[in-house]
Number of protein chains: 2
Amino acid sequence: MGKPHDSLIPGTLNVLILKALSQGALHGYAISKWIQQASEDVLRVEEGVLYPALHKLEKERWLRAEWGVNDTGRRAKFYSPTPLGKRKLQAEVARWKRSSQAVSTVLDAEEA
Amino acid sequence: MGKPHDSLIPGTLNVLILKALSQGALHGYAISKWIQQASEDVLRVEEGVLYPALHKLEKERWLRAEWGVNDTGRRAKFYSPTPLGKRKLQAEVARWKRSSQAVSTVLDAEEA
DNA sequence: GGTGATACATAGGTAACATAGGTATCGCCC
DNA sequence: GGGCGATACCTATGTTACCTATGTATCACC
């Protein structure tokens with residue numbers, strides 16, 4: 001346990017979740033599906049990874065949760081970003097761009 | 001301990017090291033400086049992070065190490081990629097491109 | 001009644017990084 | 001001679017974050 005597959009880039013899950021919620025509340029399962037679909041099936045968020053992450057973000061006040069009912073009438077917990085979460089989204093996106101661009105630059109470098 | 005600053009994107013250190021060594025052997029301290037310089041000072045690899053990583057890569061036969069002397073006559077341990085390490089560099093660069101592109105695509109998505 | 005999708009959750013394992021220390025040599029400047 | 005910063009190596013400890021496995025329950029469908 002604890003390392004195979006490597007679907008996600010560590011440290012990117014929070015910002016992916018926040019992005020998923022940037023246009024409106026979604027429940028956990030839908031967040032997972034949205035990330036998978038928006039990444040054209042490259043990124044998969046296993047449920048054992050997603051739910052603890054959501055609980056943590058809720059505890060840290062990046063998200064708030066509310067029980068509701070989905071399209072098909074099933075109970076589900078809907079998450080929305082708090083004002084703090086919205087600010088964090090901006091900051092985390094900026095950080096990702098900066099860092100990932102730096103990594104790509106290094107990996108494209110001609111000479112070592 | 002264990003989380004502040006966030007200089008590195010977790011999971012990218014190995015490939016950055018391999019890239020640094022792709023044009024020839026370097027010693028640890030020079031690897032650190034090279035990554036910092038090639039990333040235009042965005043990425044910094046603290047020594048307490050670098051050296052354990054080098055030892056692990058050596059143990060896993062991605063790198064081999066040899067004591068030598070640097071330009072200025074000081075003793076230093078020089079690392080070179082093994083054939084396995086060269087293959088890993090290609091594979092890890094490809095994986096990075098695929099995954100980081102997916103994250104960027106998601107974060108640029110218009111609609112959630 | 002079985003299966004697969006939906007929807008939530010927790011438990012245990014491990015790797016990876018951040019921080020903080022520690023040793024030693026060398027050049028430079030006062 | 002003393003101090004300082006850069007070079008060059010190293011280990012120990014803490015914590016996060018992810019991976020896997022497993023569990024519950026509902027619902028549609030055949």
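Because the structure is predicted, anything quoted here is derived from the model rather than measured. Proteins get letters first, then strands, A, B, ... in listed order; numbering begins at 1 in each.
Candidate nucleotides dT20(D), dA18(C), dA9(C) were compared by shortest atom distance to the side chain of Val49(B), and dA18(C) ranks first. Nearest nucleotide to the side chain of Leu13(B), out of dC10(D), dA9(C), dC17(C): dC17(C).
At whole-Å resolution of the value, NZ in Lys33(A) and P in dG4(C) are 15 Å apart. Counting to the nearest Å, the P atom of dT6(C) and the CG atom of Leu26(A) are 14 Å from each other. Rounded to an integer number of Å, the gap from Phe78(A) CZ to dC8(C) P is 8 Å. Across the protein-nucleic acid pair, Glu58(B) atom CD and dC10(D) atom C1' stand 14 Å apart, rounded to whole Å. Nucleotide dA9(C) holds its P atom 10 Å from the CG atom of Leu50(A), rounded to whole Å. The CG atom of Leu8(B) sits 14 Å away from the C1' atom of dT19(C) (whole-angstrom rounding). Rounded to an integer number of Å, the gap from His55(A) NE2 to dA11(C) P is 12 Å. Distance OH (Tyr29(B)) to P (dT25(C)): 17 Å, rounded to an integer number of Å.
Side-chain N/O atoms of Tyr51(A) include none lying less than 4.0 angstrom from OP1 or OP2 on dA9(C). One finds no side-chain N or O of His27(A) lying less than 4.0 angstrom from the OP1 or OP2 phosphate oxygen of dT6(C). Under 4.0 angstrom from either OP1 or OP2 of dA17(D) there lies at least one side-chain N or O belonging to Lys56(A). Between Lys77(A) and dA9(C), a side-chain N or O to OP1/OP2 separation shorter than 4.0 Å is present.
Here ring-ring contact (aromatic ring centres under 6.0 Å, His included) pairs that include residues 35-64 of chain B, with residues two or more places apart or in two chains, number zero.
Remark: Glu46(B) engages no residue in a salt bridge (Lys or Arg N to Asp or Glu O under 4.0 Å) (not counting sequence neighbours). The side chain to side chain donor-acceptor pair (under 3.5 Å) search around Glu40(B) returns none, not counting sequence neighbours. Asp41(B) is linked by a side chain to side chain donor-acceptor pair (under 3.5 Å) to Gln36(B), Arg44(B), counting only residues two or more places apart in sequence or in another chain. Partners of Ser80(A) by side chain to side chain donor-acceptor pair (under 3.5 Å), not counting sequence neighbours: none found.
Within 3.5 Å, no donor on the side chain of Glu46(B) pairs with an acceptor on the base of dC17(C), nor the reverse.
Across Ser22(A) and Leu89(A), no two heavy atoms sit closer than the pair CB-CD2, 3.8 Å.
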Close N or O pairs between protein and nucleotides 26-28 of chain D (under 3.5 Å):
residue	atom	partner	partner atom	Å
dT26(D)	O2	Arg74(A)	NH1	3.2
dT26(D)	O2	Arg74(A)	NH2	2.3

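Ion pairing between a basic and an acidic side chain is recognised when a charged N comes within 4.0 Å of a carboxylate O; Glu66(A) and Arg64(A) show such pairing.
Gly28(A) comes within 4.0 angstrom of the backbone, heavy atoms only, and of no base.
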